[in-house]
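Working notes for the structure below.
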Amino acid sequence: MKAQLLAAVTALCILPAQAHAWGAMGHRMVGEAAARALPAEVPAFLRTPAAVRDIGELSREQDRSKGAGRIHDHNRDAGHFLDLDEEGKLLGGPSFKPLPANRADYEKGLQAAGLDSWKAGYLPYSIVDRHQQLTKDFGYWRVLTYMAAREKNPVRKAWYKRDLVRREAQILQTIGDLSHFVGDGAQPLHVTVHYNGWGEYPNPKGYTTARIHGPFESEFVFANVKPADVAIRMQPLKACDCPIETRTVDYLTDTGAYVIPLYELEKAGGLAAGDRRGVEFAAGRLAVGASELRDMVVSAWRGSDKATVGWPVLRVDDVLAGKADPFDSLYGKD
């Protein structure tokens with residue numbers, strides 16, 4: 001019994017400061033609502049009932065993988081959050097905007113203030129990384145689909161078809177990962193220094209210092225929010241026509257505007273079981289995450305015809321125009 005108690009205490013001590021964003025149900029609802037709302041312009045395989053279910057389940061994977069080991073968790077945990085203060089500064093250090101071009105530059109700015117990205121979080125880079133991967137995945141899908149329909153060599157044709165199956169599975173996984181991080185970014189407590197109670201900061205309005213993070217995003221959502229609550233609040237498709245870095249910064253900045261309203265809601269008793277004010281708030285944030293995910297999937301699709309594939313590198317639009325035979329680049333010429 002003592003050994004079991006010691007193990008439980010040890011497990012609690014090694015948990016990261018930030019809690020998971022949303023629970024399994026919240027992440028599942030984000031992924032499924034986004035998938036159901038995808039427009040006809042994206043590949044049809046993404047709009048099947050099976051794909052909708054897969055995206056919902058794969059949206060949970062970034063949390064389900066936690067506990068794999070110290071190196072695994074230490075490298076990944078901070079990719080789920082961003083600790084911003086009321087002035088948009090990272091833990092009182094450098095400003096969040098403009099977002100540095102890469103994590104190395106981001107890290108330099110934090111280190112100059114005596115911080116690092118493991119303390120401050122690097123959620124925007126998680127989102128951008130997965131969006132860029134999805135754009136690449138879609139580029140491969142375009143080329144494989146094109147060649148599988150046109151290749152005359154039976155051996156090559158068979159390989160294209162097999163690789164297309166693999167790529168479609170990869171696309172579902174990438175969307176699941178993107179869904180998770182975009183979902184994290186819709187949760188106000190994932191973009192604030194006040195991520196689990198107000199903490200040791202000036203608190204003139206007397207906001208709670210209790211650990212509200214998990215109870216709000218997990219237990220409350222599971223007990224009170226239904227998929228229909230999210231679906232009915234989905235927003236129309238919104239194109240940004242801007243770099244994904246800009247879109248991501250704008251998205252997380254908007255989420256930050258909901259930190260104080262969430263604490264005001266808690267103070268007013270709106271997070272009590274069954275309180276419709278809490279349901280409206282949580283469902284609204286989940287719907288924002290699902291809408292943003294759908295929009296990012298569409299933007300990745302729209303940008304994928306300009307992607308590159310294989311090695312030596314080929315442009316997708318050149319292959320689709322019949323200007324290049326991609327087999328050696330895709331299969332591997334070494």
Is the shortest distance from a Lys or Arg side-chain nitrogen in [X] or [Y] to a carboxylate oxygen in the other one below 4.0 Å?
{"X": "Arg166", "Y": "Asp163", "answer": "yes"}
{"X": "Arg53", "Y": "Glu57", "answer": "no"}
{"X": "Asp63", "Y": "Arg76", "answer": "no"}
{"X": "Lys267", "Y": "Glu264", "answer": "no"}
{"X": "Arg167", "Y": "Asp137", "answer": "yes"}

Write down the atom of [X], the atom of [Y], and the distance for their closest heavy-atom approach.
{"X": "Leu46", "Y": "Leu172", "answer": "CD2-CD2, 3.8 Å"}
{"X": "Ser304", "Y": "Phe138", "answer": "CB-CB, 3.4 Å"}
{"X": "Leu110", "Y": "Asp116", "answer": "CD1-C, 3.6 Å"}
{"X": "Ala35", "Y": "Ile55", "answer": "CB-CD1, 3.9 Å"}
{"X": "Val30", "Y": "Ser179", "answer": "CG1-OG, 3.9 Å"}
{"X": "Pro94", "Y": "Gly109", "answer": "CG-O, 3.7 Å"}

Please confirm whether [X] and [Y] have ring centers closer than 6.0 angstrom.
{"X": "Tyr146", "Y": "Tyr160", "result": "no"}
{"X": "Tyr106", "Y": "Tyr122", "result": "no"}
{"X": "His190", "Y": "Tyr195", "result": "no"}

Open item on the list: I'd like to know whether Arg233 forms a salt bridge (charged side-chain N to carboxylate O under 4.0 Å, His left out) with Glu280, so could you lay out the CA-CA distance, the side-chain angles of the two residues, the decisive distance to 0.1 Å, and finally the verdict.
Closed with: CA-CA 9 Å; Arg233 292 170 174 80; Glu280 290 284 338; 2.9 Å; yes
Student check: side-chain heavy atoms of [X] and [Y] closer than 4.5 Å:
{"X": "Asn196", "Y": "Leu189", "value": "no"}
{"X": "Pro43", "Y": "Trp301", "value": "yes"}
{"X": "Leu91", "Y": "Val193", "value": "yes"}
{"X": "Gln132", "Y": "Glu245", "value": "yes"}
{"X": "Phe281", "Y": "Pro261", "value": "yes"}

Using modelled atom types only, decide if a donor and an acceptor are shared between the side chain of [X] and the backbone of [Y] within a distance under 3.5 Å.
{"X": "Asp73", "Y": "Gly67", "answer": "yes"}
{"X": "Asp85", "Y": "Leu90", "answer": "no"}
{"X": "Ser329", "Y": "Pro312", "answer": "yes"}
{"X": "Trp118", "Y": "His74", "answer": "yes"}
{"X": "Glu151", "Y": "Asn153", "answer": "yes"}
{"X": "Lys136", "Y": "Thr308", "answer": "yes"}
{"X": "Ser126", "Y": "Gly79", "answer": "yes"}
{"X": "Tyr263", "Y": "Gly197", "answer": "yes"}
{"X": "Thr135", "Y": "His131", "answer": "yes"}

- [ ] Could you walk me through whether Trp159 and Leu144 pass side chain to side chain contact (heavy atoms under 4.5 Å, CB included), step by step?
- [x] CA-CA 9 Å; Trp159 183 86; Leu144 291 165; 4.2 Å; yes
What is the distance from atom [atom1] of [X] to atom [atom2] of [Y], rounded to the nearest 0.5 Å?
{"X": "Asp275", "Y": "Glu266", "atom1": "CG", "atom2": "CD", "answer": "11.5 Å"}
{"X": "Ile127", "Y": "His180", "atom1": "CD1", "atom2": "NE2", "answer": "10.5 Å"}
{"X": "Thr174", "Y": "Leu58", "atom1": "OG1", "atom2": "CG", "answer": "9.5 Å"}
{"X": "Asp229", "Y": "Asn224", "atom1": "CG", "atom2": "CG", "answer": "9.0 Å"}

Does [X] [atom1] have over 12 foreign heavy atoms under 6.0 Å away?
{"X": "Phe45", "atom1": "CZ", "value": "yes"}
{"X": "Leu237", "atom1": "CG", "value": "yes"}
{"X": "Glu200", "atom1": "CD", "value": "no"}
{"X": "Lys157", "atom1": "NZ", "value": "yes"}

- [ ] Take Glu61 and Ser65 through the side chain to side chain donor-acceptor pair (under 3.5 Å) test and state the conclusion after the steps.
- [x] CA-CA 6 Å; Glu61 197 61 28; Ser65 76; over 6 Å; no
TODO: Apply the test salt bridge (charged side-chain N to carboxylate O under 4.0 Å, His left out) to residues Arg247 and Asp295: give CA-CA distance (whole Å), side-chain angles for both, the deciding distance (0.1 Å), then the verdict.
DONE: CA-CA 10 Å; Arg247 177 161 199 148; Asp295 295 355; 3.1 Å; yes
Open item on the list: Would Lys306 and Val316 count as a side chain to side chain contact (heavy atoms under 4.5 Å, CB included) here? Give the steps.
Closed with: CA-CA 6 Å; Lys306 299 296 189 294; Val316 171; over 6 Å; no
Is a donor from one side chain sitting under 3.5 angstrom from an acceptor on the other, for [X] and [Y]?
{"X": "Arg28", "Y": "Ser59", "value": "no"}
{"X": "Asp177", "Y": "Gln62", "value": "yes"}
{"X": "Arg285", "Y": "Thr255", "value": "yes"}

TODO: Would you verify whether the NZ or CZ of Arg211 falls within 45 degrees of the ring axis of Trp198 while also being under 6.0 Å from that six-membered ring's centre?
DONE: no
Open item on the list: Hydrophobic clustering (ILVMFWY, side-chain heavy atoms < 4.5 Å, transitive) - are Ile175 and Met234 grouped together?
Closed with: no
TODO: Using the side chain to side chain contact (heavy atoms under 4.5 Å, CB included) rule, take Val182 and Tyr251 through it: C-alpha gap first, then chi angles, then the decisive distance, then the call.
DONE: CA-CA 9 Å; Val182 171; Tyr251 172 60; 3.6 Å; yes
